[in-house]
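Here the structure comes first, spelled out in structure tokens, and everything after it is commentary.
Naming: A, B, ... by sequence-line order, numbering from 1 per chain.
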Amino acid sequence: MWEKYGDDVQFFVVYIKEAHAIDSRSPMGGNGMPIVEDPLSLWERKGVAEVCMTKLELEPMPMLIDDMQNTANNAYHAWPDRLYLIGKDGRVAYHGGPGPFEFSPDELEEAIQKEAGQ
Amino acid sequence: MARRMMSRYFQLDDDDARVPLAELQGAIASYDANGDGVLQADEFRARAEASKVTAPGDDSRMVQRFMDGMDPWETIAAAVDADGSGSMSSQELVAFHAKMAEGSGAWELAAMTGGGGATRAEPEQKSGPAVGSMAPDFILEPLDGKALVRLSSFRGERPVALVFGSYT
């Protein structure tokens, strides 16, 4: 989607707090899945984000790191993952459901097409 | 990462996030060569080097490589050495332990109220900004270390797609 619409839409991956850190209430990892301890500092969060970016081959997409007050996450209620499209007018054009179950790239694509058609 | 690094060097049982305080203190004391009750950076480095600590076998290779690239003392001190004195007092250790315990308490609270991942400081907000409302602005640091990015700077320029997530 990034390749298809990257010229018209600014994409950002916003790296927010871990969903399944190994020291959290719902740890996940092992069997090929990453084991990550919840970062305590921005420096640590950036370290994890960097590994994530490389491992998931997200490199062409610019990544922003949420601060340790979780400002972006709190404002967008994004955790554990969520998609948004902000229109050219600065208003929310698409507001995805909470991931992972309602994380829908198809809906985002639809919204981008609508936005681009305006 | 600090706690995982501590588990690695102080031989703590990493399976249990709630390491007893006495065990933590005991492990630290074994590094305290001059027995003054304070763990200095050079005491830690000397002992860590001498014992050539290897990572526990259950670490994934990725975590191992990640930790190998970090200075263990700097990593642990960043979390424990609250007054930046370059050493760890037993009071700092107790405070660190309490912070860890409080951290898991916050998760418990979040799970009970259904506010996934919410911490106590977060406002009660379930769904984020609605379609049609102004997008909340933020200024964040990009991973590539270039200039800070302000969301509202794209207003009037082009739409912005935000993909929120984490590695886990």
### Task
Inspect the contact between A:Asp8 and B:Arg158 and indicate whether a charged nitrogen and a carboxylate oxygen are less than 4.0 angstrom apart.
no
### Query
To the nearest 0.5 Å, how far apart are OH in B:Tyr31 and CE in B:Met88?
10.5 Å
### Heavy-atom contact with chain B under 4.5 Å, split by part of A:Tyr94
backbone
### Query
Out of A:Leu108, A:Ile112, A:Asp66, which one racks up the most heavy-atom pairs below 4.5 Å with chain B?
A:Asp66
### Message
Need one label for B:Glu141: side chain, backbone, both or neither, based on atoms under 4.5 Å from any heavy atom in chain A.
### Response
both
#### Entry: Toward chain A, the part of B:Ser152 with a non-hydrogen atom under 4.5 Å
neither
#### Entry: Under 3.5 Å side-chain donor-acceptor pair for A:Tyr5 and A:Glu109
yes
### Task
Go through the atoms of B:Leu151 and report whether side chain, backbone, both or neither lie under 4.5 Å from a heavy atom of chain A.
side chain
### Message
For a quick check under 3.5 Å, do A:Asp106 and A:Ser104 share a side-chain donor-acceptor pair by atom type?
### Response
no
### Side chain, backbone, both or neither of B:Phe138 within contact of chain A (heavy atoms, under 4.5 Å)
side chain
### Message
Can you tell me which portion of A:Ala93 sits under 4.5 Å from chain B's heavy atoms? Options are side chain, backbone, both or neither.
### Response
backbone
### Summary
The reported gap from CZ in A:Arg82 to CG in A:Asn73 (rounded to nearest 0.5 angstrom) is 9.5 Å
### Query
In Å and rounded to the nearest 0.5 Å, what is the CD to CG distance from A:Glu110 to A:Leu85?
12.0 Å
